[in-house]
Peer 1: 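Submitted below is the structure of interest, expressed as structure tokens.
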Amino acid sequence: MSEVTDNYDKELYEEIRLKNELMVEGISFEPDIFEGLEIGTKYTEAIYAMFSTDRQMHTEYVFPACILTPKGKYRIQVRWIPNSPYKLRKDEDGKYRIWKGHDVVLDPVIFSPRSKYYDLKTSDGTWMRTIAQDVGHRNIFIPYSNECALKDQGKDCLFCNINATRATYADKQEIDWKTADQIAETVKVAYAEGFDKLTISGGFIPERREVDYYVDVAEAIVEATGLEDFNGTACVGAPLDFSVFEKYKEAGYSTIATNLEIWNEGMFNLICPGKKDYCGGRQNWLNALDEELQVFGKHKVRSTFVSGIEPKQSLLEGIETLVEKGVIAIPSQWYVNAGSALEGARTPEPDWHWEVFEKTVSIYRKNGVTWEELRNSTAEAFTVVHDLFRLYENIDIPL
């Protein structure tokens with residue numbers, strides 16, 4: 001294990017700490033503060049293709065997707081929480097700054113530049129930005145569906161707001177189910193722009209339909225791009241028939257993800273009732289990860305945890321157990337989604353999350369995880385964990 005020493009940039013460390021604070025507490029601002037700012041042309045707009053991250057829905061306003069820290073250019077997702085102690089203001093000089101009380105904590109506020117493909121449409125007239133979102137460091141995220149069938153059974157994961165997001169934003173932002181051809185056209189254009197990693201994910205659908213769809217998408221991407229290895233992650237539910245994992249790999253996916261969400265068994269059953277009742281239960285999810293390791297190999301399997309719902313000790317036990325096996329287990333900081341069953345609850349304090357992130361990075365380094373393995377197995381490469389890992393490993397990469 002390469003230990004954390006003082007041989008890292010302390011200013012960058014403090015930027016990541018501030019990012020953690022802003023991701024937990026959100027940012028308060030007047031919703032019309034961005035009038036006149038070139039959101040949707042020069043700067044990237046928030047697109048709610050799968051989840052919304054704000055404390056309140058806001059169909060009448062367009063918000064920026066991310067801001068960047070001044071030195072490290074760390075991406076901070078804009079999460080609008082009106083009662084946050086962090087206030088975004090447009091000051092008299094026309095500059096945006098973030099204040100906490102009487103102190104400026106982020107100056108200047110830099111908004112993330114917009115990718116070129118966001119202005120383009122597929123051959124059937126669908127906006128490419130609704131098909132694939134730029135999630136930083138050459139990664140794109142493709143939510144093929146913006147609904148989850150577990151709603152019909154009343155079995156949604158309690159932290160999830162995918163169906164509420166669809167009901168609020170789908171018509172407004174012209175977001176719908178993605179076809180294989182739409183995805184392939186978008187990937188071809190995005191990769192030509194410089195992206196080289198994609199993740200495909202969506203809500204719960206019947207198992208047989210899922211694998212057939214993913215295979216169709218992979219074949220279309222290979223045909224459109226000419227790339228046998230398009231560096232794709234298939235994010236799938238735990239199947240009852242593990243033979244499907246070979247089909248994902250044969251189709252061209254280089255990594256696979258099956259998100260356990262909660263490690264503690266009792267809390268898993270409570271928080272993820274659909275995953276318990278329709279996907280074979282928690283043990284089947286664990287068995288699925290073991291089988292994925294056999295098919296895809298060490299550090300080419302990912303499982304995400306919703307960090308902040310279960311006790312810290314339980315969460316870290318799950319992360320360490322899986323990483324020691326070769327799974328990239330990653331804590332995804334729980335923000336309380338508007339429209340979810342847990343709306344109105346509160347995620348733990350920033351220091352709680354910071355300790356989880358620091359210990360997770362230590363677990364990765366102890367077990368020999370590399371940056372490319374971490375980036376290639378996870379959907380978004382701009383979490384606090386990713387930033388800390390790069391800082392401690394002294395890795396400089398494109399924005």
Side-chain angles (χ1 to χ4, degrees), residues 49-50 122-124 126 128 130-133 140-153 155-157 160 162-163 166 170 175-188 190-191 197-260 274-275 277-281 284-285 287-297 300-304 377 379:
M50 194 166 174
T122 61
S123 58
D124 67 359
T126 303
M128 290 186 176
T130 70
I131 295 169
Q133 286 79 59
I140 54 174
F141 180 67
I142 302 170
Y144 68 86
S145 76
N146 57 342
E147 60 184 331
C148 180
L150 292 175
K151 176 185 178 182
D152 298 334
Q153 289 80 30
K155 299 289 185 177
D156 278 347
C157 294
C160 182
I162 184 172
N163 290 308
R166 173 181 171 82
I175 297 168
D176 207 344
W177 183 279
K178 284 76 173 173
T179 69
D181 287 341
Q182 289 171 342
I183 292 173
E185 287 181 42
T186 303
V187 171
K188 180 179 180 179
Y191 274 33
K197 166 73 182 81
L198 65 87
T199 295
I200 300 177
S201 185
F204 181 88
I205 61 174
E207 181 177 318
R208 182 74 259 169
R209 186 179 172 199
E210 183 173 57
V211 64
D212 289 344
Y213 177 85
Y214 273 81
V215 170
D216 289 346
V217 169
E219 290 176 348
I221 291 173
V222 170
E223 182 177 354
T225 64
L227 298 172
E228 290 295 329
D229 180 5
F230 53 87
N231 199 13
T233 299
C235 185
V236 302
L240 300 178
D241 176 10
F242 289 172
S243 69
V244 299
F245 295 138
E246 289 284 359
K247 295 181 180 180
Y248 290 116
K249 187 172 183 181
E250 290 170 2
Y253 296 98
S254 55
T255 49
I256 195 164
T258 297
N259 294 328
L260 189 61
K275 293 193 173 189
D277 293 343
Y278 295 99
C279 299
N284 190 59
W285 285 75
N287 293 343
L289 291 171
D290 288 340
E291 183 64 23
E292 288 170 347
L293 283 172
Q294 293 300 313
V295 174
F296 283 84
K300 293 185 177 180
V301 177
R302 181 249 298 173
S303 194
T304 300
S377 63

Peer 1: Return the OG to CE distance between S201 and M50, rounded to the nearest 0.5 Å.
Peer 2: 3.5 Å
Peer 1: Run the side chain to side chain contact (heavy atoms under 4.5 Å, CB included) check on L198 and F141 step by step: do they pass?
Peer 2: CA-CA 6 Å; L198 65 87; F141 180 67; over 6 Å; no
Peer 1: Are any of the side-chain heavy atoms of T258 and S303 separated by less than 4.5 Å?
Peer 2: no
Peer 1: Taking the side chain as every heavy atom from C-beta outward, state whether Y253 and V217 have any pair of such atoms under 4.5 Å apart.
Peer 2: yes
Peer 1: Do F296 and S254 touch side chain to side chain, with heavy atoms closer than 4.5 Å?
Peer 2: no
Peer 1: How would you list, by chain and number, every residue that makes a side chain to side chain donor-acceptor pair (under 3.5 Å) with D181, sequence neighbours excluded?
Peer 2: none
Peer 1: Nearest 0.5 angstrom please: E185 CD to S123 OG, how far?
Peer 2: 3.5 Å
Peer 1: Partners of D277 by side chain to side chain donor-acceptor pair (under 3.5 Å), sequence neighbours excluded?
Peer 2: K155
Peer 1: Compare every heavy atom of A184 with every heavy atom of A220, then report the nearest pair and how far apart it is.
Peer 2: O-CB, 3.3 Å
Peer 1: Whether the side chain of Q182 engages the backbone of T179 through a donor-acceptor N/O pair (distance < 3.5 Å, no angle test) should be reported.
Peer 2: yes
Peer 1: Would you indicate whether the side-chain heavy atoms of P143 and Q133 approach each other to under 4.5 Å?
Peer 2: yes
Peer 1: Checking C279 against F204 for the side chain to side chain contact (heavy atoms under 4.5 Å, CB included) test, could you report, in this order, the C-alpha distance in whole Å, the side-chain angles of both residues, the deciding distance, and whether it holds?
Peer 2: CA-CA 10 Å; C279 299; F204 181 88; 3.4 Å; yes
Peer 1: Restricting to ring-ring contact (aromatic ring centres under 6.0 Å, His included), what partner residues turn up for Y144, sequence neighbours left out?
Peer 2: W177, Y213, Y214
Peer 1: Looking at W285 and K275, would you say the former's side chain and the latter's main chain have a donor-acceptor pair under 3.5 Å?
Peer 2: yes
Peer 1: Can you tell me how far CD1 of I175 sits from OG1 of T126, rounded to the nearest 0.5 angstrom?
Peer 2: 11.5 Å
Peer 1: Have a look at N163 and tell me which of L150, N146, D156 forms a side-chain contact (heavy atoms from CB on, under 4.5 Å) with it.
Peer 2: D156
Peer 1: Passes side chain to side chain contact (heavy atoms under 4.5 Å, CB included), I142 versus T199? Steps please.
Peer 2: CA-CA 6 Å; I142 302 170; T199 295; over 6 Å; no
Peer 1: Looking at CZ of F245 and CD of Q294, how far apart are the two atoms once the value is rounded to the nearest 0.5 Å?
Peer 2: 11.5 Å
Peer 1: Less than 3.5 Å apart, which donor and acceptor atoms pair up between the side chains of residues 227-236 and the rest of the protein, not counting sequence neighbours?
Peer 2:
unit_1 : atom_1 : unit_2 : atom_2 : d
D229   : OD1    : N231   : N      : 3.0
N231   : ND2    : D196   : O      : 3.0
N231   : ND2    : N376   : OD1    : 3.1
T233   : OG1    : K197   : NZ     : 2.8
T233   : OG1    : T255   : OG1    : 2.4
T233   : OG1    : N376   : O      : 3.0

Peer 1: Any sub-3.5 Å donor-acceptor pair from K249's side-chain atoms to V295's backbone N or O?
Peer 2: yes
Peer 1: If you draw a 6.0 Å radius around CD in Q153, do more than 12 non-hydrogen atoms from other residues or ligands fall strictly inside?
Peer 2: yes
Peer 1: What pairs with R302 under side chain to side chain donor-acceptor pair (under 3.5 Å), at least two apart in sequence or on another chain?
Peer 2: N259, T304
Peer 1: Working note: N287 + F242, criterion side chain to side chain contact (heavy atoms under 4.5 Å, CB included); need CA distance, chi angles, decisive distance, verdict.
Peer 2: CA-CA 9 Å; N287 293 343; F242 289 172; 3.8 Å; yes
Peer 1: Can you tell me how far apart CG (D176) and CD1 (I131) are? Round to the nearest 0.5 Å.
Peer 2: 10.5 Å
Peer 1: Taking side chain to side chain donor-acceptor pair (under 3.5 Å) as the test, write out the residues that go with T122, two or more places apart.
Peer 2: D124
Peer 1: About how many Å separate CE of M128 and CD1 of I140, when rounded to the nearest 0.5 Å?
Peer 2: 10.5 Å
